[in-house]
Enquirer: 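Here it is, the structure in full.
As the structure is a computational prediction, the values presented were derived from the model and not from experiment. Chain naming here is simple, since letters A, B, ... match the order of the sequence lines and numbering starts at 1 in each. Keep in mind that the numbers below use all heavy atoms, side chains included, and drop hydrogens, waters and symmetry copies.
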Number of protein chains: 2
Amino acid sequence: MSNITAIAKRAKVSRTTVSRVLNNHPYVNTEKREAVLKVIEELNYVPNLNAINLSRGRTNVFGVIVPKIGHPFFSNLIEGIGKACNKHNYSLLVHQSNNDPKTELEFFNKLKYKMIDGLILGSSVSPTGVIDELSHFGKIVSCEYSDSSKVAKVFVNHESGIKMAVDHLKDQGHQEIGLCIGNPKSGVGITRKKSFFNLQKEYRLSWRDDWYFDKRYTIEDGAEVAKTIFGQPSRPTAMVVGNDHVATGMIYEAKKQGVKIPEELAIIGFDNQPISEVVELTSINQPIIEIGETAANLLHSIIQNQTVPFINTIELELIKRKST
Amino acid sequence: MSNITAIAKRAKVSRTTVSRVLNNHPYVNTEKREAVLKVIEELNYVPNLNAINLSRGRTNVFGVIVPKIGHPFFSNLIEGIGKACNKHNYSLLVHQSNNDPKTELEFFNKLKYKMIDGLILGSSVSPTGVIDELSHFGKIVSCEYSDSSKVAKVFVNHESGIKMAVDHLKDQGHQEIGLCIGNPKSGVGITRKKSFFNLQKEYRLSWRDDWYFDKRYTIEDGAEVAKTIFGQPSRPTAMVVGNDHVATGMIYEAKKQGVKIPEELAIIGFDNQPISEVVELTSINQPIIEIGETAANLLHSIIQNQTVPFINTIELELIKRKST
DNA sequence: ATGAAAGCGCTAACAG
DNA sequence: CTGTTAGCGCTTTCAT
C-alpha cells in the first residue's frame with residue numbers, strides 16, 4: 001500500500017509535487033512529472049479517497065432518500081439523479097427509509113457527518129423542523145412539496161395534473177366524475193384531493209360521496225373499486241384514478257362484467273406506466289427521470305454557488321388512449 | 001465546527017477519552033464520560049466520517065453497479081441490497097453504467113481507492129481479467145454468472161427456469177413448443193437457449209426453425225412475434241417467452257385476432273412482473289429482492305471473514321395463471 | 001482508567 | 001516551478 005510519501009521519496013521530489021501531478025496542476029516541470037508518473041506506475045500506487053475527502057472537506061457524493069427503491073416512481077427518479085451524477089462526476093448514496101422517521105434521521109447524519117455533500121429528498125416523512133435544522137449542514141433539494149423554506153424544490157405540479165385530467169373528461173362531456181386516490185394524507189394525496197374538489201365546484205359538476213375512494217394502490221384494489229361502483233344505483237360516468245395499476249384493475253373488472261370502457265365508464269390514470277399502454281389507458285404522464293435529473297443538476301448548481309431558481313415545477317402531459 | 005480536540009480541552013480530558021466515549025468503550029470513568037457528553041451537547045459536536053473512515057481504513061459502504069436503475073429487475077435487486085445494507089448498518093453507493101465499460105472502470109476505482117468496502121456486480125460488461133484484478137482490492141459479489149473465480153456469486157438458476165417452463169408445458173400435453181428470448185448473446189440468453197434446446201432433444205419435441213425468435217424486448221415486439229406465428233402454416237401449440245412484456249404483447253395480438261389462449265396457443269413468460277397478473281399470464285418468478293438481499297448478506301459475511309458458500313443459487317417458482 | 005504520541009494519506013497556503 | 005509546513009479529525013497502540 002504505497003502512499004504519496006513513498007512516491008515522493010522514490011521520485012526524489014516533495015509530496016506536494018506528487019500531489020500536483022496527481023491533480024493535474026500546471027506548473028510542474030515535465031521531467032519531474034514524468035519521474036513521478038513512472039514511480040506511480042512502478043509502485044502500483046492508488047490514491048485513498050478518504051484521505052482526499054478529509055483533506056478537501058468534501059466527498060463528491062450526493063445522497064438520496066426514498067421510501068422504497070423498487071417502487072417504479074422512485075427507481076426512475078434515482079435513475080435520473082444517477083444520470084446527472086455521472087455527468088457531474090458525483091457518486092450517489094441511496095438510502096431507503098420505508099417511511100420510517102428513525103431510519104431517515106440516520107441517513108440525515110450522513111450529511112451532518114460530511115459523508116455526502118448534498119441531499120436529495122425523494123420523499124420524506126420528517127417534520128419541517130428537522131429538515132430546517134438539517135439544512136445548516138448542507139444543501140438539500142426536495143422532489144416533493146415541502147413546507148421547509150430551506151430546501152430547493154423540483155416537483156410536478158399535481159394541481160395541474162388533476163386539472164388536466166378533469167378538463168379532459170369535461171371536454172368529452174362528462175359531468176359526473178369520481179375520484180380514486182392512494183394515501184389521502186400524503187402531500188400528493190392532499191393536493192390532488194383539494195384540486196379535484198376545487199375544480200368540481202368551479203365547474204359545477206355533479207357529486208355523490210360514494211364516488212370517492214382512497215387508500216387504493218394495487219390492481220386488486222382497482223378491481224374492488226370497480227365492483228363497488230358497478231354495484232351502486234347511480235354511478236359516475238368517469239373516474240380520475242391516481243394510479244395506473246388501480247385504473248388497470250378497474251378496466252379488468254369492467255371487461256369481466258361487460259361494462260364498456262369508455263362508453264359506460266371513462267377512466268383516466270396517472271403516471272403512464274408501461275401497463276397503461278397494454279390496457280390502453282389514458283394517463284397523465286410525469287417525466288420522472290427528468291425530475292431526478294433536474295434535482296441533481298439543481299443540487300450541483302447550488303453547491304457551486306450558482307444562482308438558480310429555488311422552486312422548479314415540471315409540467316405533466318396527457319397521454320390519450322382508448323379509456324377516455 | 002467543533003472537533004474532538006475542542007471537546008477534550010473543554011471537558012479537561014484527553015482526546016483519547018473523548019474518542020472512547022464516542023465509541024462506547026468500556027473503562028471510562030462515569031464522571032468523565034458525563035463531562036464529555038455534556039460538552040458534546042454544548043458544542044453541538046458532530047463527528048466527521050471522513051476522518052473516521054481514513055483512520056479506520058474502511059467506510060462501511062457497499063457499492064453496486066447496474067446498467068440502468070430504472071429497470072425493474074435492477075431496481076428490485078437494489079431494493080434487496082438496500083434492505084440488507086440497512087440491517088448491517090452499511091450505506092449503499094449506486095452506480096449506473098449503461099453497460100459502458102469505461103463507466104464501469106470508473107466505478108471500480110471506488111473500490112480501489114477505498115471509498116467502498118465491497119462491491120456488488122448487478123451486471124457487468126467487463127472482461128474476467130478486469131474483475132480478477134479488481135478483486136485484489138476488495139471483496140466482490142456478482143449477481144449474475146461470471147467466469148471469474150475470484151468473485152462470490154448469487155444468481156438464479158436459469159437452466160432450471162427453462163426446465164420448469166418446458167416441463168409445465170409438456171405436462172399439459174404440448175409437443176410443439178417455440179422459444180422467444182431477448183439478447184441471445186447475454187449470459188442469460190445463452191443459458192436459456194442452450195437449456196431449451198437440450199430439453200427439446202431430450203424430450204424429443206417437434207421443432208421448426210421458425211418457432212424461434214430473439215432480440216425481442218417490448219410489448220410491440222411481442223405483438224409482432226404473434227403476428228408472425230399466426231401467419232405461419234404450422235404454428236407451435238405453446239411458446240416459452242423470456243420476458244413478460246413480450247408475452248403480454250403476444251396475448252394482446254392473439255385477442256385481437258381471436259386466437260384463443262391457451263387453447264390455440266399456450267404462453268409462458270418470465271419474471272412475473274405486475275403486468276402478468278393483469279393479462280393472466282403464467283410466468284416464472286425470480287425472487288429478485290431476495291437475490292439482492294442474499295448478495296449483500298454474502299458480501300457482509302465475506303468481509304467479516306466468515307466461511308460462507310461461495311456460489312449461491314436462488315430457486316425460481318412457477319406462477320400458474322390462465323395463459324397455459 | 002487515562003493520556004501521550006504516532007499515525008491514517010492527502011491538500012494547500014506560503015515562501016522562495 | 002518547487003518544497004516546507006501545517007493542517008484535515010479521528011483511532012489506536014503503549015505505557016502508566
Enquirer: Do T313(B) and N157(B) meet the criterion of a side-chain donor-acceptor pair at a distance under 3.5 Å?
Expert: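 No, no side-chain donor-acceptor contact under 3.5 Å.
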
Enquirer: Is there a side-chain contact between N23(A) and the phosphate of dT11(C), meaning an N or O under 4.0 Å from OP1 or OP2?
Expert: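 Answer is yes, contact under 4.0 Å.
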
Enquirer: Could you tell me the separation between the CG atom of L54(A) and the C1' atom of dG9(D), rounded to a whole number of Å?
Expert: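 Atom CG in L54(A) sits about 6 Å away from atom C1' in dG9(D).
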
Enquirer: Under a 4.5 Å cut-off applied to non-hydrogen side-chain atoms, are V308(B) and I302(B) in contact?
Expert: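 Yes, close enough: below the 4.5 Å cut-off.
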
Enquirer: S19(B) and T16(B): side-chain donor and acceptor closer than 3.5 Å?
Expert: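 Looking only at side-chain atoms, T16(B) and S19(B) do not form any donor-acceptor pair under 3.5 Å.
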
Enquirer: How close or far is atom P of dC8(C) from atom CG of N48(B), stated in whole angstroms?
Expert: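 In whole Å, dC8(C) P lies 19 Å from N48(B) CG.
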
Enquirer: Separation of H25(A) atom NE2 from dT2(D) atom C1', in whole Å?
Expert: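 Roughly 13 Å, once rounded to whole Å.
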
Enquirer: Expressed as a whole number of angstroms, how long is the span from L49(B):CG to dC8(D):P?
Expert: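 Computing the L49(B):CG to dC8(D):P distance gives 18 Å.
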
Enquirer: Is the ring pair H95(A)/F107(A) parallel, tilted or perpendicular, if the boundaries are 30 and 60 degrees?
Expert: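 It falls in the parallel class, under 30°.
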
Enquirer: Using a cut-off of less than 4.0 Å, is there contact between a side-chain N or O of N50(A) and OP1 or OP2 of dC8(C)?
Expert: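 So the side chain of N50(A) is outside the cut-off, no N or O lying under 4.0 Å from OP1 or OP2 of dC8(C).
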
Enquirer: Take the angle between the ring planes of H300(A) and F62(A) and call it parallel below 30°, perpendicular above 60°, tilted in between.
Expert: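 Taking F62(A) first and then H300(A), their aromatic rings stand perpendicular (interplane angle over 60°).
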
Enquirer: State, with a plain yes or no, whether a side-chain heavy atom of Y90(A) is found less than 4.5 Å away from one of I303(A).
Expert: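 Side chain of Y90(A) against side chain of I303(A), heavy atoms only: contact under 4.5 Å found.
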
Enquirer: What is the separation between atom OH on Y113(B) and atom P on dC10(C), rounded to the nearest whole Å?
Expert: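 Between P of dC10(C) and OH of Y113(B): 11 Å.
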
Enquirer: Just list the side-chain donor-acceptor pairs under 3.5 Å for residues 32-45 of chain B, sequence neighbours left out, or say none.
Expert:
from, atom 1, to, atom 2, distance (Å)
R33(B), NH2, H25(B), O, 2.9
E42(B), OE1, R10(B), NH2, 3.1

Enquirer: Among dC10(C), dC10(D), dC8(D), find the nucleotide with the atom closest to the side chain of S55(B).
Expert: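 Nucleotide nearest to S55(B)'s side chain: dC10(D).
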
Enquirer: Taking the side chain from E104(B) and the backbone from V125(B), do they hold a donor-acceptor pair closer than 3.5 Å?
Expert: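 Such a contact is found between E104(B) side chain and V125(B) backbone.
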
Enquirer: Quickly work out the I4(B) CD1 to dC10(D) C1' distance and round it to whole Å.
Expert: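 From I4(B) CD1 to dC10(D) C1': 5 Å.
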
Enquirer: Think N53(B) has a side-chain N or O under 4.0 angstrom from the OP1 or OP2 of dC10(D)?
Expert: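 False: N53(B) side-chain N/O out of range (4.0 Å or more) of dC10(D) OP1/OP2.
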
Enquirer: When you measure from every atom of DNA chain C, which of residues 105-112 of chain B have a heavy atom less than 4.0 Å away?
Expert: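 Of all residues in residues 105-112 of chain B, none places a heavy atom under 4.0 Å from DNA chain C.
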
Enquirer: Calculate the interatomic distance between K9(B) atom NZ and dT2(C) atom P; express it in whole Å.
Expert: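 Interatomic distance, NZ of K9(B) to P of dT2(C): 21 Å.
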
Enquirer: From CG of L22(A) over to C1' of dT11(C), roughly how many Å is that when rounded to an integer?
Expert: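 Checked: the CG to C1' distance equals 11 Å.
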
Enquirer: So, D117(B) and T59(B): side-chain donor and acceptor under 3.5 Å apart, yes or no?
Expert: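 The answer is yes; a qualifying pair exists.
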
Enquirer: Show the distances under 3.5 angstrom between N or O atoms of the protein and N or O atoms of nucleotides 3-5 of chain C.
Expert:
from, atom 1, to, atom 2, distance (Å)
dG3(C), OP1, K32(B), NZ, 3.4
dG3(C), OP2, S14(B), N, 3.1
dG3(C), OP2, S14(B), OG, 3.4
dG3(C), OP2, T17(B), OG1, 2.6
dG3(C), N7, R20(B), NH1, 3.4
dG3(C), O6, R20(B), NH2, 2.6
dA4(C), N6, T16(B), OG1, 2.8

Enquirer: Counting any heavy atom closer than 4.0 Å, what does P26(B) reach on the DNA or RNA strands: base, sugar-phosphate only, or nothing?
Expert: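 P26(B): no heavy atom of the nucleic acid under 4.0 Å.
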
Enquirer: Any donor-acceptor pair under 3.5 Å linking the side-chain atoms of N86(A) with those of Q96(B)?
Expert: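 Per modelled atom types, Q96(B) and N86(A) side chains form no pair under 3.5 Å.
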
Enquirer: For the side chain of Y45(A), starting at C-beta, report the closest nucleotide among dC1(D), dC10(D), dC10(C).
Expert: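 Side chain of Y45(A) sits closest to dC10(C).
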
Enquirer: Ignoring the backbone of R56(A), work out which of dA12(C), dC8(D), dC10(C) is nearest its side chain.
Expert: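 The answer is dA12(C), which lies nearest to the side chain.
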
